[in-house]
Undergrad: 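Structure provided below as structure tokens; questions to follow.
All values below were derived from every heavy atom in this structure, side-chain atoms included, with hydrogens, water molecules and symmetry-related copies excluded.
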Amino acid sequence: MSQHSVSDDSSDPVERKIQLTGNSTFVVSLPKEWAVDQGLESGASMYLYPHDDRVIAAPEHVSRRDRSVTIDATDGDEQALLQRVRAAYATGSDRITVTGVADLETDSRRELERTVGRLIGIEIQETTDDRLTVVNLLDTGEVSLPQTVAQARQLALELYDDAIEALLCDDDELARRVRSRDDDVDRLFAFVSRGFHRGLEDVRDIGQLGTDRTVAFREYRTARQLERLADRADRIAAVALDQSGPPDDALRDGIDSVAADIRRLLEAALSGENRAASDAYAAVDEGLEDLTQRAYARCETDACLYSPLLSSLRQLAEIGLTIVETGIEAGLEE
């Protein structure tokens, strides 16, 4: 396309040449008809953002979609309602209105309010007999996406360590604490997802979160794996609560060894040490084979519990590999 041509489709790019005016100013001219179609006018301010191999231009006032959503509480069961509310939050809605709450059971309405209360940066603005309205209170500029992911990382690894200790020591109190804190990682992931989705819509939002879109995508993928890590820690804690006593010495040593290798794998993966992570994964794979044989060769009360435990340990190793892959892709992009 020449610098003077304009496509019939206003969404197509327009090629223009940079011209020098005076000795210190570059100027880019825009076709008037095209500019008007984009909602631009003489005297309007533009913001330019450097982004990898391109420059992104955004007007002072971006025409955004309405970040409001209305959810009918009578459309589906309680679980479906809670899922829709969480999805609306995670995809960046600033205002969520739930109608038909008068038809909810008291316990269901209470759980809806608890779900909203656990989400970061929003609160119930108005509630009536038949309607509940939730609004966003958090300024994007007050939050750092990388710091949120770092917080999720620390918490998820702590939950993993505590879950293994609860299992090996048969510590029911510690296991219950792990299970009660799993939702904290879910909240952090939902918040990262929210920031990522808003950044896809408006480059200024992602800039205020202390990152760019490419890095934000990696942060989102990493946070998703941290959420999965916390979920597996929760399952291991459930096994700790169900077992009749601590594993015997032989089984304990096997679990402890595999768990330590998984911890090294996760640490290396999250730190971008890909070779160390690969070595740790090989050790986990070998250790799990031996542990599986030991567990299924035993005939005792808790033998049935070892299947979900072994499955969780295997999935934790896969989570480590997924994080490694994310890091490798990041290196290639850079």
Undergrad: I'd like to know if Asp162 pairs up with Arg177 as an ion pair, taking the criterion as any Lys NZ or Arg NE/NH1/NH2 lying under 4.0 Å from an Asp or Glu carboxylate oxygen.
TA: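 Arg177 and Asp162: not salt-bridged.
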Undergrad: Is any side-chain heavy atom of Arg314 less than 4.5 Å from a side-chain heavy atom of Asp285?
TA: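 Arg314 vs Asp285: side chains touch.
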Undergrad: Would you check if there is a donor-acceptor pair between the side chains of Thr128 and Asp130 at a distance under 3.5 Å?
TA: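 Per modelled atom types, Asp130 and Thr128 side chains form no pair under 3.5 Å.
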Undergrad: Do Ser108 and Glu78 meet the criterion of a side-chain donor-acceptor pair at a distance under 3.5 Å?
TA: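 Result is yes, a qualifying pair exists.
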Undergrad: Any luck finding a side-chain donor-acceptor pair between Arg228 and Gln225 under 3.5 Å?
TA: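 A donor-acceptor contact under 3.5 Å links the two side chains.
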Undergrad: Against the six-membered ring of Tyr160, is Arg232 placed for a cation-pi contact (under 6.0 Å from the centre, within 45° of the normal)?
TA: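 No, Arg232 does not lie over the aromatic ring of Tyr160.
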Undergrad: Could you please spell out the steps behind the side-chain contact (heavy atoms from CB on, under 4.5 Å) verdict for Arg221 and Phe217?
TA: CA-CA 6 Å; Arg221 291 181 62 187; Phe217 182 50; 3.6 Å; yes
Undergrad: Describe, in one word, how the ring planes of Phe196 and Tyr220 are oriented to each other, choosing from parallel (under 30°), tilted (30 to 60°) and perpendicular (over 60°).
TA: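 The arrangement is parallel - the two ring planes meet at less than 30°.
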Undergrad: Can you tell me if Tyr281 and Glu318 form a side-chain donor-acceptor pair at under 3.5 Å?
TA: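 There is such a pair between these side chains.
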Undergrad: Looking at the rings of Phe191 and Tyr89, which for Trp means the six-membered one, are their centres under 6.0 Å apart?
TA: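 Judged by ring-centre distance (under 6.0 Å), Phe191 and Tyr89 do not meet the cut-off.
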Undergrad: Can you see whether Thr127 engages Arg109 through a side-chain donor-acceptor pair at a distance of less than 3.5 angstrom?
TA: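 Yes, because at least one side-chain N or O of Thr127 sits under 3.5 Å from a partner of the opposite role on Arg109.
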Undergrad: Which residue is it: Glu123, Glu113, Glu111? I am looking for the one with a salt bridge (Lys or Arg N to Asp or Glu O under 4.0 Å) to Arg118.
TA: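 By the salt bridge (Lys or Arg N to Asp or Glu O under 4.0 Å) criterion, Arg118 pairs with just one of Glu123, Glu113, Glu111: Glu111.
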